[in-house]
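Have a look at the structure below before the remarks.
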There are 2 protein chains.
Amino acid sequence: MKRSINRWLFAVLCILQFTAFAQPRGPFTNSPQVHEDKTVTFEYLAPNAQKVLLSGQFLTGGPVEMKKGEQGIWRTTVGPIAPDMYPYNFEVDGVGVMDPGNVNYFPNERFKGSILLVPGNQPRMYEMRNVPHGSVNYEYYPSLENSTGYLVVYTPPGYDASPDKSFPVFYLISGTTDTEETFYKVGNVNWILDNLIAEGLAKPMIVVMPYGNVAARIAEQNGKPKPEDPARESEASNARMKQLENDLIKNIIPYIESNYRAIKKRESRAIGGFSRGGGQTLRAAYGNLDTFGSICCYSASASPKDMDNDFSYIGKNPEQTNAQLKLNWVSVGNSDFMYPSTVEYMNYLNAHNIKYQGLITSGGHTWMNVKKFMIESLQLLFK
Amino acid sequence: MKRSINRWLFAVLCILQFTAFAQPRGPFTNSPQVHEDKTVTFEYLAPNAQKVLLSGQFLTGGPVEMKKGEQGIWRTTVGPIAPDMYPYNFEVDGVGVMDPGNVNYFPNERFKGSILLVPGNQPRMYEMRNVPHGSVNYEYYPSLENSTGYLVVYTPPGYDASPDKSFPVFYLISGTTDTEETFYKVGNVNWILDNLIAEGLAKPMIVVMPYGNVAARIAEQNGKPKPEDPARESEASNARMKQLENDLIKNIIPYIESNYRAIKKRESRAIGGFSRGGGQTLRAAYGNLDTFGSICCYSASASPKDMDNDFSYIGKNPEQTNAQLKLNWVSVGNSDFMYPSTVEYMNYLNAHNIKYQGLITSGGHTWMNVKKFMIESLQLLFK
């Protein structure tokens, strides 16, 4: 059977060709394998490694040593693991690497992680369910310093089918070292909104996810090395913290409002973010209350000093601020390193009679918590 | 300066927190660095590795040994490298890993690679230029066996601005182990079309990129291990080769034509693919000439035996076939493992008076060639 031989050759040669740059020549690992009982088996091919650890945010006791088996495949089975979506990777002789058996990756400037989904017996709010799905659009817009900016834009189910309808917009800012893809690929904001909307729990909305590290993108497009993350301390860095705010007001919002059916009113614009993106959110929101009507601050804060120095009018006019902000959301995990400064921020809001809503969860500075924060706060937006 | 301290703490603690799963605790590498003279420096942090190789399709002599320097950072500088976009990775004690310093990755089921862009002095046709940009949409559609399918959909510049205009559609199928993202993230089909359209060289079109390994997606959604790639020989495998064709006709095309402004005529539908996706393309096209009016076969072929067994009417009615196919494109590199079978396929077309156009390049089964094939063939579609 020449046909068979062709097919067979074809497949084998494909594998060989793809090894034109270093690939495992097999055996292929099947990782992660989530079992009925919610235990999970991980495999990593590393015939020559001295030590391979599994490292994941589901491992409360820290990294777990994997055992080397036949054909140089390291294995471990852990759990049962509580249903959630967790970042993890392998530490191969001290170096963190993705799981080659897993296509679900953590988009990030610095580290390489993979994503484990331990499904609920019923799919959780952040899992893909059999409901109408929105779409997620990768957009390119004219940005600062003649650079081209990147946006990931979620449009809700029915957006295309209802060309006369306009929607409110939630601007959602990535955290330190995350990219414009992270809220989509790790936060599952699209599944969360598809599911909330299907249950009538959230308003259909557009979500716009920029890349928070504007300076790094500009440097990259000019073939220059990336500057340090703008969260770091320096005058230049503080200026960079402000770049995203400038880009939002000058470029991103006008681009979205001329290319999407966005409601062009402050009450229909919300801004939120995680970690450094949450800090950028607070600065952009309090600095532009004429533009934004709602705030979602996830695992971030502004210091009383920042509030007094830069946004004194907020505390001085609580009635006006409360009238302007349809939602002022603050959330953090009680073991998050941002917990103390977030409590300090909430105390500042209390002391100045600024109304807010929020959620204090257990856990740390994790995407498990960010998903919880989104599931709660997205139900409150634009209502 | 409490403010400074907060900022500083904030940044440092972010890094610490993100190391909740194994991350380089710094020093951070700056990799790849493309220098003025087109030489490129690669860095990889691996303090405990015995041997680190740089492996890339720009290395004609095979992998290059990197040298361990201070702080456990391995380095090498290679080139000058001819302007192009190349997959590469590091081989750390025999294991292929991505470049943690690089956010541009190769989406794939099996291996983890990064993408190096060596820009032209003038940006090449596959590079981002300062022209109007289309957008790239991630869509979810109801697929076979009650599964949810994934599509990446390119819409041309001006698509949203011209709501009364409809566009032809190019269905573009991923190759062995590639995903629905690969033609976008590695093929840069969006930049190629943005640039061709800006220069009046290509018709504005929609490009629909499905995931070619339907069985693997269905298995994944049922929590089962992925079956072998359908390119492998077996009855079950042949049936799986046909799954994408069924999904295209039953689900994907109807989904696109009800959710996008697609011209619903066979002359305005083209199908193309690379490697296994090219094989699926030929079967789907020759099996559904009432649906498709153009074919783009990149580094793939159908054997004379397949053509005679399954599509004898093609060779028997050359005038009709030639009248039905506005474009029948065949291209391959002359050192591609598919070169002999592609020549055999072209000989079959010649022997049966089936008209075709194409490109035989130097080089192998690479994405450098796929980009060339797209740049040429996209200029011929729908004209």
Side-chain angles (χ1 to χ4, degrees), chain A residues 2-4 6-8 10-11 13-14 17 20-24 28 30 34 46-49 55-57 63 87-89 91-98 100 103 109-113 128 133 135-140 148 160 176 179 223 225 229 231-233 259 275 303 305-306 337 365, chain B residues 2-4 6-8 10-11 13-14 17 20-24 28 30 34 46-49 55-57 63 87-89 91-98 100 103 109-113 128 133 135-140 148 160 176 179 223 225 229 231-233 259 275 303 305-306 337 365:
Chain A
K2 187 171 181 184
R3 180 171 168 188
S4 314
N6 282 351
R7 287 256 173 73
W8 182 84
F10 177 87
L13 289 169
C14 272
Q17 279 283 330
F21 66 104
Q23 305 314 331
F28 291 133
N30 177 18
V34 180
N48 305 319
S55 179
Q57 295 185 352
Y88 74 96
N89 66 6
E91 198 170 346
V92 183
D93 292 337
V95 177
V97 299
M98 280 190 187
V103 294
E109 292 172 355
R110 295 296 191 187
F111 60 75
K112 297 300 178 194
M128 183 176 70
H133 297 305
S135 75
V136 177
N137 310 331
Y138 284 47
E139 294 273 0
Y140 304 90
T148 296
D160 296 314
T176 301
T179 76
D229 191 279
R232 292 160 196 269
E233 169 56 26
N259 289 281
S275 196
S303 71
K305 185 135 188 163
D306 282 4
F337 67 89
H365 203 72
Chain B
K2 186 173 182 184
R3 181 174 167 186
S4 314
N6 282 351
R7 287 255 172 74
W8 183 84
F10 176 85
L13 290 168
C14 273
Q17 281 281 330
F21 67 103
Q23 306 313 333
F28 290 133
N30 176 18
V34 180
N48 306 319
S55 181
Q57 296 185 352
Y88 73 97
N89 67 5
E91 197 169 348
V92 182
D93 292 336
V95 177
V97 300
M98 281 190 185
V103 294
E109 291 173 355
R110 294 298 191 187
F111 60 75
K112 297 300 177 191
M128 183 176 69
H133 297 305
S135 77
V136 177
N137 310 331
Y138 285 48
E139 295 273 0
Y140 303 90
T148 297
D160 296 316
T176 301
T179 76
D229 191 279
R232 292 159 196 270
E233 170 57 26
N259 288 281
S275 193
S303 70
K305 183 135 187 163
D306 283 3
F337 67 89
H365 203 71

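Below, read A as the first sequence line, B as the second, and so on, with proteins coming before strands; counting in each chain starts at 1. Every value quoted in this text rests on a predicted model; they were computed, and no experiment measured them.
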### Message
Once you measure the plane-to-plane angle for A:H133 and B:Y140, does it fall in the parallel (<30°), tilted (30-60°) or perpendicular (>60°) bin?
### Response
perpendicular
### Query
Of the backbone (N, CA, C, O) and the side chain (C-beta and beyond), which part of B:D160 lies under 4.5 Å from a heavy atom of chain A, both, or neither?
side chain
### Query
Taking B:V34, B:V136, B:N48 one by one, which has the highest count of heavy-atom pairs under 4.5 Å against chain A?
B:V136
### Query
Got A:D93 and B:D93 here, is their nearest side-chain heavy-atom distance under 4.5 Å?
yes
### Query
Do you know the tightest heavy-atom contact between A:P100 and B:K112?
CA-CE, 3.6 Å
### Query
Among B:T179, B:N259, B:T148, who wins on heavy-atom pairs under 4.5 Å with chain A?
B:T148
### Message
Just so I understand: if I count every heavy-atom pair under 4.5 Å between each of A:S135, A:A49, A:A46 and chain B, which residue has the most?
### Response
A:S135
